[in-house]
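Beneath this line is the structure, given in structure tokens, with notes to follow.
Values below: every heavy atom of this structure, side chains too, minus hydrogens, waters and symmetry copies.
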Amino acid sequence: MIRVVLLLVFLAVPAFAVQPDEIMDDPALEERARQISQGLRCLVCRNENIDESNADLARDLRLAVRERLLTGDSDTEVVAYLVDRYGEYVLLRPDMRGANLILWLAGPVMLLGGLGIAAFYLRRRGTREVQPAALDDEEKLRLERLLRD
């Protein structure tokens, strides 16, 4: 039973989707293409790089990377070309500049703000004592009757 589970786990690991006809003849260029592809998101799949995706658009992106490398573009020029064409969503790890900085910092800032509000509320709640209201004459008589019985 354990062997079957382990086998299924290993089979569930995403296989590289790079097709044999996409692989470049020059191993150095192929290595550069793989490095670039690791940082590019498949626009069809969720948080999967284009090397791991079987989607047609991911194949087109892999081919575009290899085509740009063959024309002599540097790694940064290839990434810039794809960002210009598809937007920053194509990057698995977008830059921490401009509007992206707000998105990167919003989560931690909200977490710290929530923790601060919770701490303030808990401290305030702990220091505030509730004073019991004084009993009127009718309530005193009733209490005395209850205690006697």
Side-chain angles (χ1 to χ4, degrees), residues 1-136 139 143 146-147:
M1 180 66 174
I2 293 174
R3 290 181 184 170
V4 172
V5 171
L6 288 174
L7 179 64
L8 290 175
V9 168
F10 285 118
L11 290 177
V13 175
F16 286 104
V18 177
Q19 304 297 316
D21 63 332
E22 297 175 22
I23 297 175
M24 302 172 86
D25 294 333
D26 184 0
L29 282 178
E30 179 61 27
E31 181 61 31
R32 283 179 56 201
R34 296 284 177 116
Q35 289 296 323
I36 294 169
S37 297
Q38 293 298 315
L40 297 175
R41 175 191 326 266
C42 173
L43 300 173
V44 177
C45 310
R46 298 282 178 169
N47 287 333
E48 189 174 23
N49 68 44
I50 62 174
D51 268 357
E52 296 172 350
S53 174
N54 288 321
D56 291 336
L57 184 56
R59 176 181 166 80
D60 293 343
L61 289 171
R62 288 192 301 265
L63 292 174
V65 166
R66 284 160 174 76
E67 180 181 305
R68 299 300 293 191
L69 287 174
L70 284 175
T71 61
D73 285 358
S74 68
D75 295 359
T76 55
E77 290 173 332
V78 172
V79 172
Y81 169 78
L82 293 171
V83 168
D84 287 342
R85 188 162 184 190
Y86 297 101
E88 285 191 9
Y89 185 73
V90 78
L91 298 175
L92 278 173
R93 295 189 52 83
D95 294 335
M96 288 183 61
R97 291 182 283 142
N100 287 340
L101 185 60
I102 295 169
L103 295 174
W104 278 99
L105 296 177
V109 167
M110 286 192 290
L111 176 66
L112 292 175
L115 289 174
I117 290 170
F120 175 76
Y121 173 75
L122 292 173
R123 288 186 89 194
R124 187 170 170 222
R125 190 181 80 172
T127 59
R128 190 172 49 181
E129 291 183 25
V130 178
Q131 298 293 331
L135 298 176
D136 61 10
E139 291 173 333
L143 181 61
L146 287 172
L147 289 175

Qualifying residues under side-chain contact (heavy atoms from CB on, under 4.5 Å), relative to [X], sequence neighbours excluded:
X     : result
Tyr89 : Arg41, Leu43, Arg46
Val83 : Val79, Glu88, Val90, Leu91
Asp84 : none

Does [X] have any side chain to side chain donor-acceptor pair (under 3.5 Å) partners at least two apart in sequence or in another chain, and if so, which?
X     : answer
Asp56 : none
Tyr81 : Arg85
Thr76 : Ser74
Gln35 : Glu31

Considering all heavy atoms, the nearest [X]-[Y] contact:
X     : Y     : answer
Val44 : Ala55 : CB-CB, 4.0 Å
Ser37 : Asp51 : CB-OD1, 3.3 Å
Glu48 : Glu52 : OE2-O, 3.1 Å

Legend entry - side chain to side chain contact (heavy atoms under 4.5 Å, CB included) between Arg66 and Leu70, intermediate numbers included: CA-CA 6 Å; Arg66 284 160 174 76; Leu70 284 175; 5.5 Å; no
Inset, instruction - Kindly compute the distance separating CZ (Arg59) from CG (Leu61), expressed to the nearest 0.5 Å. - result: 12.0 Å
Legend entry - Side chain to side chain, Leu40 and Asn49, heavy atoms closer than 4.5 Å: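 Side chain of Leu40 against side chain of Asn49, heavy atoms only: no contact under 4.5 Å found.
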Legend entry - Polar side-chain atom of Arg62 near backbone of Ile50 as donor-acceptor pair, under 3.5 Å: yes
Inset, instruction - Any salt bridge (charged side-chain N to carboxylate O under 4.0 Å, His left out) involving residues 67-80? Give me the pairs, sequence neighbours left out, ordered by first then second residue. - result: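 Residue pairs with at least one partner in residues 67-80: Arg32-Asp75, Arg68-Asp73.
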